[in-house]
Amino acid sequence: MPNLATTFLDLPLNNPLMNASGVWCSVGSQLEALQESEAGAMVTKSCTLQPRDGNPEPRYRVLNGDKPWGSINSMGLPNEGFAYYLRYTERHDYESKPLFISISGLTLDDNLAMIDSLKDAVTPAILEINLSCPNVPGKAQLGYDFDAMDTLLAEVTSGYGQRALGVKLPPYFDIAHFDEAAAILNRYPSVAFVTCINSIGNALAIDIDSESVIIKPKDGFGGLGGDYVLPTALANVNAFYRRCPEKAIIGCGGVKSGQEAFMHILAGATLVQMGTALYEEGPSIFGRVKAELSEIMEKKGYSSLSQFHGKLKTL
Ligand SMILES: O=C1NC(=O)NC(C(=O)O)N1
């Protein structure tokens with residue numbers, strides 16, 4: 001029986017699967033469901049300092065109906081506010097699985113205020129800073145502004161006392177951008193992990209019958225997830241895996257079965273997050289994907305993740 005156990009930042013996990021921030025993790029009942037699920041770890045919804053309602057609905061849709069190829073969303077960072085998730089970090093059962101807390105401050109000061117409280121709380125929760133929400137009207141994705149990202153990381157790593165933290169990146173599509181983003185990240189040793197990718201920002205889905213967009217915010221422009229983004233997600237995982245040998249990579253994007261989880265791990269991901277597929281199937285997905293990954297490993301004769309982690313072959 002293959003062993004799906006792994007470690008992340010020296011913490012033991014019984015498997016590499018977890019939710020993507022934003023999916024099934026905004027309120028206590030969802031977080032408790034993840035706690036009870038077979039996920040190996042879990043992350044909270046990216047929070048802002050104050051609670052937010054987010055964008056008007058409809059703001060999430062699956063694409064191509066009965067056989068959905070993915071999703072489009074423009075949630076707009078709806079969340080209960082930082083204090084709510086900080087309170088959850090105080091009641092999480094860390095023995096059962098690690099917890100990540102995701103923050104997405106609307107300003108640098110908001111991010112620094114949240115980090116200061118987190119540092120004082122001395123919580124075991126692992127900080128993932130979201131640099132890539134594409135859906136707050138008027139707010140550019142930090143991950144696409146390299147100077148701003150560099151400034152933020154300098155302030156944040158120092159504000160967090162050089163404690164290990166990670167960043168959630170947008171997808172990049174140019175080798176020069178992989179090089180430049182990795183060069184910035186490598187200047188910050190306390191950036192211990194990189195989560196690739198967030199949704200592909202500002203896609204546009206059209207319904208031919210109504211001749212209309214299908215989500216309300218931003219004239220229908222929203223982040224793309226699901227099958228559509230798998231090749232881009234794998235490329236970003238592998239690009240940062242190659243460029244950041246001292247950092248762990250968390251893969252996110254297009255994972256709906258053991259197959260894509262295997263691909264992400266082969267490409268260099270230590271942990272694998274699920275978004276769209278979790279949104280549609282619910283937390284039972286973790287048991288299914290665990291079994292599928294285990295079956296693939298069995299067939300290939302792998303008894304542990306380390307036997308194929310990062311071992312993607314080239315031609
Ligand atoms: O970082 C984010 N990525 C998304 O695709 N959607 C959410 C959101 O809109 O809140 N945030």
Side-chain angles (χ1 to χ4, degrees), residues 18-27 30-31 42-63 68-82 84-85 100-107 110-111 114 127-145 148-149 152 165-172 194-205 213-230 232-233 236 250-256 273-280:
M18 64 183 288
N19 66 303
S21 177
V23 184
W24 223 283
C25 58
S26 297
V27 293
Q30 294 175 328
L31 293 165
M42 56 189 273
V43 58
T44 60
K45 165 68 185 172
S46 295
C47 64
T48 45
L49 192 54
Q50 302 306 329
R52 270 176 71 85
D53 291 336
N55 292 339
E57 297 185 345
R59 59 192 187 183
Y60 171 91
R61 280 279 181 277
V62 286
L63 299 170
W69 279 45
S71 64
I72 188 167
N73 91 82
S74 183
M75 311 304 281
L77 286 179
N79 73 93
E80 303 294 320
F82 172 68
Y84 183 95
Y85 301 102
F100 293 70
I101 179 169
S102 173
I103 66 171
S104 186
L106 297 176
T107 64
D110 281 5
N111 273 317
M114 290 188 277
L127 174 59
E128 181 183 87
I129 303 184
N130 184 350
L131 304 181
S132 44
C133 176
N135 301 321
V136 177
K139 298 291 286 181
Q141 296 173 93
L142 255 172
Y144 288 147
D145 179 340
M149 183 163 88
L152 175 128
L165 56 83
V167 291
K168 176 77 169 283
L169 294 180
Y172 299 101
V194 183
T195 305
C196 299
I197 61 175
N198 208 317
S199 57
I200 294 179
N202 297 299
L204 183 62
V213 303
I214 61 175
I215 54 172
K216 186 175 179 64
K218 291 175 55 181
D219 296 328
F221 284 65
L224 197 57
D227 297 4
Y228 292 113
V229 310
L230 178 64
T232 296
N236 278 260
I250 300 182
C252 184
V255 180
K256 63 180 181 183
Q273 298 183 343
M274 288 188 276
T276 299
L278 169 61
Y279 191 111
E280 294 304 313

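Numbering of ligands and ligand atoms starts at 1, following listing order. Along the sequence shown, residues are numbered consecutively beginning with 1.
For ligand 1, the atoms lying closer than 4.0 Å to a non-hydrogen atom of Gly76 are 8 (C), 9 (O), 10 (O). Listed by atom number, the atoms of ligand 1 under 4.0 Å from Asn198 heavy atoms are 1 (O), 2 (C), 3 (N), 4 (C), 5 (O). Residue Asn135 approaches ligand 1 through these ligand atoms, each under 4.0 Å from one of its heavy atoms: 4 (C), 5 (O), 6 (N), 7 (C), 8 (C), 9 (O). Close approach to Leu77 involves these atoms of ligand 1, each under 4.0 Å from a residue heavy atom: 8 (C), 9 (O), 10 (O).
Remark: minimum distance from atom 11 (N) of ligand 1 to any protein heavy atom is reached at Cys133 SG, 3.3 Å. Ranking the protein heavy atoms by distance from atom 6 (N) of ligand 1 puts Asn73 OD1, 2.9 Å first.
If you look at Lys45 next to ligand 1, the close heavy atoms, those under 4.0 Å, all belong to the side chain. Residue Asn130 touches ligand 1 through its side chain alone, judged by heavy-atom distances below 4.0 Å.
For Met75, a nitrogen or oxygen atom sits less than 3.5 Å from a nitrogen or oxygen atom of ligand 1, counting backbone and side chain alike.
Ring-plane geometry between Tyr279 and Tyr60 is classed as parallel, the angle between the planes falling under 30 degrees on a 0 to 90 degree scale with a further cut at 60.
Side-chain atoms of Pro51 and Glu80, non-hydrogen and from C-beta on, never get closer than 4.5 Å to each other.
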Start with the C-alpha gap between Ser21 and Glu128, add the side-chain angles, then the distance that decides, and say whether side chain to side chain donor-acceptor pair (under 3.5 Å) holds.
CA-CA 9 Å; Ser21 177; Glu128 181 183 87; 4.8 Å; no

Verify side chain to side chain donor-acceptor pair (under 3.5 Å) between Asn135 and Asn73, making sure each step is shown before the conclusion.
CA-CA 8 Å; Asn135 301 321; Asn73 91 82; 3.1 Å; yes

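The main-chain N or O of Val136 is never found under 3.5 Å from a side-chain atom of Asn55 such that the two would form a donor-acceptor pair.
Inspection of the Ser104 and Ser46 side chains reveals no N or O donor paired with an N or O acceptor under 3.5 Å. Inspection of the Thr48 and Asn79 side chains reveals an N or O donor paired with an N or O acceptor under 3.5 Å.
Ligand 1 is never approached by Ser21 to a heavy-atom distance shorter than 4.0 Å.
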